Amino acid sequence: MANWLAKTEPDEFSLDDLEARGKAGEPWNGIRNYQARNHLRAMVPGDRVLIYHSACAEPAVVGEAEVISEPRPDPDALDPASRYYDPKSSADNPRWTVITVAFRQRWPKPVPLKLIKQTPELAEMALLRQSRLSVSPVTDEQWLVLEQLSVQ
DNA sequence: GCCAACGTTGGC
DNA sequence: GCCAACGTTGGC
């Protein structure tokens with residue numbers, strides 16, 4: 001079982017929005033970066049996903065979700081009306097991947113990026129090393145450290 | 001709103 | 001295959 005971190009802009013889709021979806025969850029669509037896509041393809045149901053709010057007043061890890069589907073082709077890539085349409089993707093050879101995630105819990109306190117940067121045990125997080133990667137892996141150790149920061 | 005980081009595109 | 005031009009992400 002693996003751990004991940006997924007960024008979302010709260011103005012677009014927040015942890016609150018995910019909670020409102022309940023057990024049905026939300027397709028994590030629109031990922032259009034190969035590295036991030038490859039991480040989606042490695043996900044299996046039951047994997048844990050940190051939800052990270054980006055491009056907002058206080059960028060932070062705010063809670064956690066769970067992968068509840070297998071990876072599958074992202075249908076938005078084939079829909080010309082979608083903002084995520086990619087003419088280079090096709091039904092025969094789908095380029096992009098989506099998984100569905102469901103809300104698990106809000107963390108006691110958000111863990112701000114600022115604090116993550118100040119924490120030596122988290123210096124190797126992919127979040128910090130590749131600032132533009134929207135889906136990234138998290139180690140068990142990193143997850144534990146983040147959880148501890150959330151209750152302090 | 002600025003701009004650094006960095007991924008993608010396309011000419012050669 | 002190199003690399004300049006360009007577009008996007010996301011912190012600040």
Side-chain angles (χ1 to χ4, degrees), chain A residues 2-21 25-43 47-67 71-101 103-139 141-152:
Chain A
N3 311 309
W4 309 96
L5 178 148
K7 294 182 185 177
T8 183
E9 299 187 18
D11 290 345
E12 294 270 337
F13 190 84
S14 68
L15 186 66
D16 281 339
D17 296 322
L18 184 61
E19 184 172 17
R21 296 290 191 275
E26 172 76 7
W28 212 257
N29 58 1
I31 301 295
R32 296 291 178 269
N33 166 283
Y34 288 104
Q35 255 189 295
R37 180 206 68 182
N38 291 342
H39 291 316
L40 292 179
R41 288 184 174 177
M43 291 185 182
D47 281 0
R48 301 186 295 180
V49 184
L50 293 171
I51 301 299
Y52 175 91
H53 282 172
S54 67
C56 57
E58 188 185 56
V61 171
V62 291
E64 77 184 78
E66 177 180 344
V67 176
R72 59 188 185 280
D74 186 345
D76 289 356
L78 304 178
D79 175 6
S82 169
R83 59 190 287 208
Y84 300 125
Y85 177 60
D86 180 357
K88 292 177 181 168
S89 190
S90 67
D92 287 349
N93 189 13
R95 173 176 293 206
W96 303 113
T97 296
V98 66
I99 48 99
T100 301
V101 299
F103 178 84
R104 255 198 193 170
Q105 60 176 316
R106 178 175 311 281
W107 277 15
K109 283 195 302 183
V111 183
L113 178 63
K114 193 178 170 192
L115 180 56
I116 294 172
K117 284 181 171 172
Q118 290 168 355
T119 305
E121 297 97 311
L122 299 176
E124 299 302 313
M125 278 193 76
L127 173 72
L128 301 183
R129 313 216 88 181
Q130 282 172 278
S131 61
R132 294 179 50 205
L133 187 57
S134 59
V135 179
S136 58
V138 177
T139 67
E141 292 79 8
Q142 290 164 351
W143 188 289
L144 272 173
V145 171
L146 289 163
E147 263 180 345
Q148 286 159 9
L149 291 174
S150 177
V151 296
Q152 270 169 21

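Quick caveat, the model's predicted, so the values are computed rather than measured. Keep in mind that the numbers below use all heavy atoms, side chains included, and drop hydrogens, waters and symmetry copies. Residue numbering restarts at 1 for every chain, and letters A, B, ... go by the order of the sequence lines.
Summary for the helix from B/dG1-C/dC12 to B/dC12-C/dG1: the axes at its two ends, each from 5 pairs, differ by 10° when rounded to the nearest 10 degrees.
Between A/Glu19 and A/Leu15, the closest side-chain pair of non-hydrogen atoms is not below 4.5 Å.
Every side chain to side chain donor-acceptor pair (under 3.5 Å) that A/Arg48 has, sequence neighbours left out, goes to A/Asn3. For A/Gln118, there are no side chain to side chain donor-acceptor pair (under 3.5 Å) partners, not counting sequence neighbours. Judged as a side chain to side chain contact (heavy atoms under 4.5 Å, CB included), and not counting sequence neighbours, the contacts of A/Arg32 are A/Asp74, A/Asp76, A/Ala77, A/Tyr84, A/Trp96. With sequence neighbours left out, A/Asn38 forms a side chain to side chain donor-acceptor pair (under 3.5 Å) with no residue at all. With sequence neighbours excluded, no residue satisfies side chain to side chain donor-acceptor pair (under 3.5 Å) with A/Trp28.
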Scan the side chains in residues 125-139 of chain A for donor-acceptor partners under 3.5 Å anywhere in the protein, sequence neighbours excluded, and list what turns up.
residue, atom, partner, partner atom, Å
A/Arg129, NH1, A/Glu124, OE1, 2.7
A/Gln130, NE2, A/Gln35, OE1, 2.8
A/Thr139, OG1, A/Gln142, N, 3.0
A/Thr139, OG1, A/Gln142, OE1, 3.4

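A donor-acceptor contact shorter than 3.5 Å links the side chain of A/Thr8 to the backbone of A/Phe13. At least one donor-acceptor pair under 3.5 Å links the side chain of A/Thr119 to the backbone N or O of A/Leu115.
Applying the salt bridge (Lys or Arg N to Asp or Glu O under 4.0 Å) test to pairs two or more places apart or on separate chains, those with a residue in residues 8-18 of chain A are A/Glu12-A/Arg83, A/Asp16-A/Arg106. Residue pairs meeting the salt bridge (Lys or Arg N to Asp or Glu O under 4.0 Å) criterion with at least one member in residues 53-65 of chain A, sequence neighbours excluded, are A/Glu64-A/Arg104.
Within residues 49-63 of chain A, the residues having any heavy atom closer than 4.0 Å to DNA chain C are, in order of number, A/Tyr52, A/Ser54, A/Ala55, A/Pro59. Contacts of residues 3-17 of chain A with DNA chain B (heavy atom under 4.0 Å): none.
Within the 4.0 angstrom heavy-atom criterion, no nucleotide atom of any strand lies near A/Lys114.
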Evaluate side-chain hydrogen bond (donor to acceptor under 3.5 Å, both in side chains) for A/Arg37 paired with A/Thr97, printing each intermediate quantity in order.
CA-CA 6 Å; A/Arg37 180 206 68 182; A/Thr97 296; 4.9 Å; no
Heavy atoms under 4.0 Å is the rule here; annotate nucleotides 1-10 of chain B 5' to 3' with B where the base is hit, S where only the sugar-phosphate is, and - elsewhere.
----BBSSS-
